[in-house]
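Notes follow the structure.
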Number of protein chains: 2
Amino acid sequence: MAVTLADVAVRAGVSAATVSRVLNGNYPVAGATRNRVLRAVEELEYVVNGPASALAAATSDLVGVLVNDIADPFFGIMAGAVQSEIGEPTAERGGPKLAVVCNTGGSPERELTFLTLLQRQRAAAVVLTGGALEDDAHRVALTGRLGRLESAGARVVLCGRPPLADTDFPAVTFDNREGARRITEHLLTLGHRRLGYLAGPQARTTTRHRLEGHRAALAAAGLAGDAARLTVRGDYGRSAGYAGAVELLAREPELTAIVAANDTVALGACAALRDRGVRIPEDVSVTGFDDLPFAVDATPALTTVRLPLHEAGVRAGKLALGREEPPADGVVTCGGELMVRDSTAPPRDA
Amino acid sequence: MAVTLADVAVRAGVSAATVSRVLNGNYPVAGATRNRVLRAVEELEYVVNGPASALAAATSDLVGVLVNDIADPFFGIMAGAVQSEIGEPTAERGGPKLAVVCNTGGSPERELTFLTLLQRQRAAAVVLTGGALEDDAHRVALTGRLGRLESAGARVVLCGRPPLADTDFPAVTFDNREGARRITEHLLTLGHRRLGYLAGPQARTTTRHRLEGHRAALAAAGLAGDAARLTVRGDYGRSAGYAGAVELLAREPELTAIVAANDTVALGACAALRDRGVRIPEDVSVTGFDDLPFAVDATPALTTVRLPLHEAGVRAGKLALGREEPPADGVVTCGGELMVRDSTAPPRDA
DNA sequence: CCCGGGACGGTAAGCGCTTTCTACTGGGGG
DNA sequence: CCCCCAGTAGAAAGCGCTTACCGTCCCGGG
């Protein structure tokens with residue numbers, strides 16, 4: 001039925017071993033022989049049987065990429081970057097790798113399930129993107145799974161999340177805390193004193209770090225007191241931002257700024273404010289986080305923190321293939337850049 | 001080293017065949033035996049060797065998803081939908097499948113390369129998303145590759161693109177022509193008479209169909225004359241929209257509406273207009289296409305055509321796994337829905 | 001009471017490739 | 001002039017799994 005190595009071998013008048021060696025280029029084969037083989041491959045339109053070679057060589061060219069939601073550009077950009085990096089053939093032992101993207105939807109069980117599935121595929125590497133769940137049971141389970149993956153020969157890389165305790169998997173992380181501190185500081189500098197915070201879901205590292213940065217800035221300005229009252233939680237979606245802004249306004253009508261955990265939440269908040277006739281930034285300033293492509297086109301253009309998502313993905317890809325050595329402590333930290341745009345201004349009473 | 005089927009068999013005191021049968025559930029195994037096997041699997045933390053079973057069974061649980069750019073929500077949403085569908089285990093012969101997403105970046109060569117890579121993996125199915133290149137040589141090459149994939153046992157499904165000539169691969173397509181016609185008609189109904197068009201890249205079905213729909217509406221209103229002069233081409237990116245709008249304004253300062261090939265281009269156009277002090281929609285109306293999530297939060301909220309991207313992806317996923325029979329002609333057409341928002345209004349002189 | 005057949009389980013032959021290990025060749029140094 | 005090695009090629013043993021193909025065992029009908 002399908003063309004096999006053996007068919008090519010016959011056609012080229014050599015042994016299967018030779019064909020394999022030509023195709024993998026890891027053993028000397030005389031020029032003439034090589035050409036004969038290549039021609040046979042061409043003529044028969046031979047395509048290697050991946051599973052068979054994966055089995056025989058105990059390696060595959062699949063790299064798993066775990067994301068919360070690939071439809072979200074935050075993850076899309078990182079996944080795309082990882083893919084573009086691993087798609088390039090390496091010098092030694094490396095045709096292009098394929099990216100298997102797994103949408104966990106933020107569910108810890110699905111995360112574990114996907115890791116098992118990837119282990120089953122004998123993935124060459126696994127990149128975990130996005131914030132981690134801060135749950136001890138899950139952390140243990142995850143550590144176990146990742147450990148087994150690693151001992152099965154897969155490289156494990158974290159991207160956009162902090163290093164995993166008690167492990168030394170390389171990580172490319174964002175300095176969420178500092179970014180959040182800076183953007184809140186920006187608001188404080190403008191003169192804001194009553195700022196609400198729209199936090200992400202509970203028990204996520206990203207959520208916590210951003211919140212901590214925000215609080216740190218408030219504390220430095222002697223404003224820690226009201227922080228808890230003016231913090232509303234939700235998921236990272238637009239409607240959570242909408243609802244959160246409404247709630248915040250109810251709790252503190254005199255609010256002059258809303259700091260959102262990410263751009264999407266910020267947009268939801270903006271929509272809520274607009275619907276209530278609150279002007280941005282004249283009445284209330286709003287900030288986002290991430291600087292996804294749409295932030296600049298929002299109503300109004302969002303002041304936010306730009307995260308180098310693409311670069312992080314590329315680095316993660318390199319680490320995943322061992323093209324780059326991780327630093328001694330295993331952590332590559334990417335800073336964010338404050339992007340001041342039109343959604344922030346001094347408060348009216350300033 | 002790694003735990004194998006044989007290890008499990010020994011542990012459970014049965015033969016390897018029995019373990020395989022328990023795991024695949026496609027052959028009667030007595031309850032007691034089954035439990036013993038399952039326990040052994042558990043205790044040894046056995047994980048099937050995917051490549052090995054793929055080799056032996058001549059099937060894999062990989063599904064390829066080709067996209068132009070996974071960072072673009074247009075593709076991200078479809079890819080996510082495909083993935084969620086194929087991630088569900090099927091009744092017979094079907095553990096969850098994994099999605100291999102391949103970023104072609106719109107390059108025909110990479111499209112072919114990825115298809116070869118997927119064939120090498122013996123992918124169970126391949127979903128091609130996004131508009132197709134209208135180039136005869138490429139069409140032939142593509143048809144060939146897809147034919148080989150299909151005869152290698154992979155299902156091929158088109159998603160968001162029209163059926164491929166001379167083939168009968170099922171396709172889930174968007175009615176781009178009608179959507180474009182409707183949105184232009186909307187503008188005409190508002191009284192616009194001088195409309196510019198920001199087209200997508202040459203030789204793409206999507207570009208052509210949307211342009212045709214636009215022109216059809218113009219023709220129906222007796223406005224076909226100026227169409228060519230008021231059409232500017234670019235890629236589907238934001239900066240193309242920006243540049244295109246500038247160009248359009250230069251060609252026709254009296255323009256009252258700009259119809260963009262998609263939301264991203266529309267946003268670029270909006271930015272250009274804003275930078276020139278042109279008000280939207282008072283001075284110029286702008287329309288998008290696709291209704292990506294950010295369209296509603298744009299400045300101003302974009303009038304556009306909503307495409308059921310998620311639904312299309314799900315359908316494509318079902319077709320890819322044979323969970324759904326394609327209609328007789330092989331084409332599932334998804335209509336768009338006109339979303340009238342704030343970026344369109346009657347022209348000032350109306 | 002015997003036999004046919006359904007329900008299980010085992011045996012073993014591959015699936016298509018990689019990779020030792022072995023074999024052959026020709027040439028240069030002893 | 002012979003031996004040995006560098007340079008190539010082949011033979012064959014798996015890699016870990018699936019799946020015919022066969023036995024067994026036990027049941028119920030004739």
Side-chain angles (χ1 to χ4, degrees), chain A residues 1-38 40-41 44-62 92-95 119-122 124 152-153, chain B residues 1-38 40-41 44-62 92-95 119-122 124 152-153:
Chain A
M1 179 77 232
V3 179
T4 73
L5 237 211
D7 299 330
V8 176
V10 169
R11 174 96 180 196
V14 299
S15 74
T18 301
V19 177
S20 169
R21 301 204 260 244
V22 168
L23 262 21
N24 294 304
N26 50 10
Y27 191 89
V29 172
T33 316
R34 155 184 306 274
N35 288 335
R36 219 156 3 109
V37 170
L38 258 16
V41 167
L44 297 176
E45 295 186 320
Y46 172 65
V47 176
V48 179
N49 183 318
S53 57
L55 173 58
T59 66
S60 87
D61 31 46
L62 258 28
E92 44 151 317
R93 175 57 78 208
Q119 181 176 349
R120 165 186 304 204
Q121 296 300 329
R122 299 299 186 261
Chain B
M1 178 78 230
V3 179
T4 72
L5 236 211
D7 299 330
V8 176
V10 170
R11 175 94 177 198
V14 298
S15 74
T18 301
V19 177
S20 170
R21 302 205 258 244
V22 167
L23 262 22
N24 294 304
N26 52 9
Y27 191 90
V29 172
T33 316
R34 154 184 306 275
N35 288 335
R36 217 154 5 105
V37 170
L38 258 17
V41 166
L44 297 175
E45 295 187 319
Y46 171 65
V47 176
V48 179
N49 183 317
S53 56
L55 172 57
T59 66
S60 87
D61 32 46
L62 259 28
E92 43 151 317
R93 174 58 76 209
Q119 182 176 350
R120 165 186 305 202
Q121 295 300 329
R122 299 299 187 259

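Residue numbers begin at 1 in each chain, while the letters A, B, ... track the order of the sequences.
- One interatomic measurement links the two molecules: CG of B/L23 to C1' of D/dC17, which rounds to 11 Å at whole-angstrom precision.
- The one candidate from A/V10, A/V48, A/L23 that meets the side chain to side chain contact (heavy atoms under 4.5 Å, CB included) condition with A/L5 is A/L23.
- Atom-to-atom, CG of B/L44 to C1' of D/dG16 comes out at 15 Å; the value is rounded to the nearest Å.
- Ranked by how close their nearest DNA chain D nucleotide is to the 5' end, A/Y27 and B/T18 are led by A/Y27.
- The shortest distance between the side-chain N/O atoms of B/S15 and the OP1/OP2 oxygens of C/dG10 is below 4.0 Å.
- Residue B/R34 is the one, among B/R34 and B/A52, whose nearest nucleotide of DNA chain C lies closer to the 5' end (criterion: closest heavy atom).
- Under 4.0 angstrom from either OP1 or OP2 of C/dC15 there lies no side-chain N or O belonging to A/N49.
- When rounded to the nearest whole Å, the span between CZ of A/R120 and P of D/dC17 equals 11 Å.
- OP1 or OP2 of D/dT19 has at least one side-chain nitrogen or oxygen of B/N26 nearer than 4.0 Å.
- With rounding to the nearest 0.5 Å, the separation of OG in A/S53 from CG in A/N24 is 7.5 Å.
- When the P atom of C/dC8 is taken as reference, atom CZ of B/R36 falls 14 Å away, rounded to whole Å.
- Note on B/S20: every side-chain N or O is 4.0 Å or more away from OP1 and OP2 of D/dC17.
- In this structure, CG in A/L55 is found 9.5 Å from CZ in A/R122, a value given to the nearest 0.5 Å.
- Two residues are said to be in side-chain contact when any heavy atoms from C-beta on lie closer than 4.5 Å; B/V14 and B/V29 fail this criterion.
- Looking at B/N49 and B/T4, their side chains never come closer than 4.5 Å, going by heavy atoms from C-beta outward.
- When heavy atoms are screened at a 4.0 angstrom cut-off, B/A58 is found touching no nucleic acid atom at all.
- A sub-4.0 Å separation between OP1 or OP2 of D/dA9 and a side-chain N or O of A/T33 is present.
- For C/dG10, the base has a donor-acceptor partner in the side chain of B/R21 [N/O atoms by modelled type, under 3.5 angstrom].
- In this structure, B/L55 and A/V19 both approach DNA chain C, and ranking their closest nucleotides by distance from the 5' end singles out B/L55.
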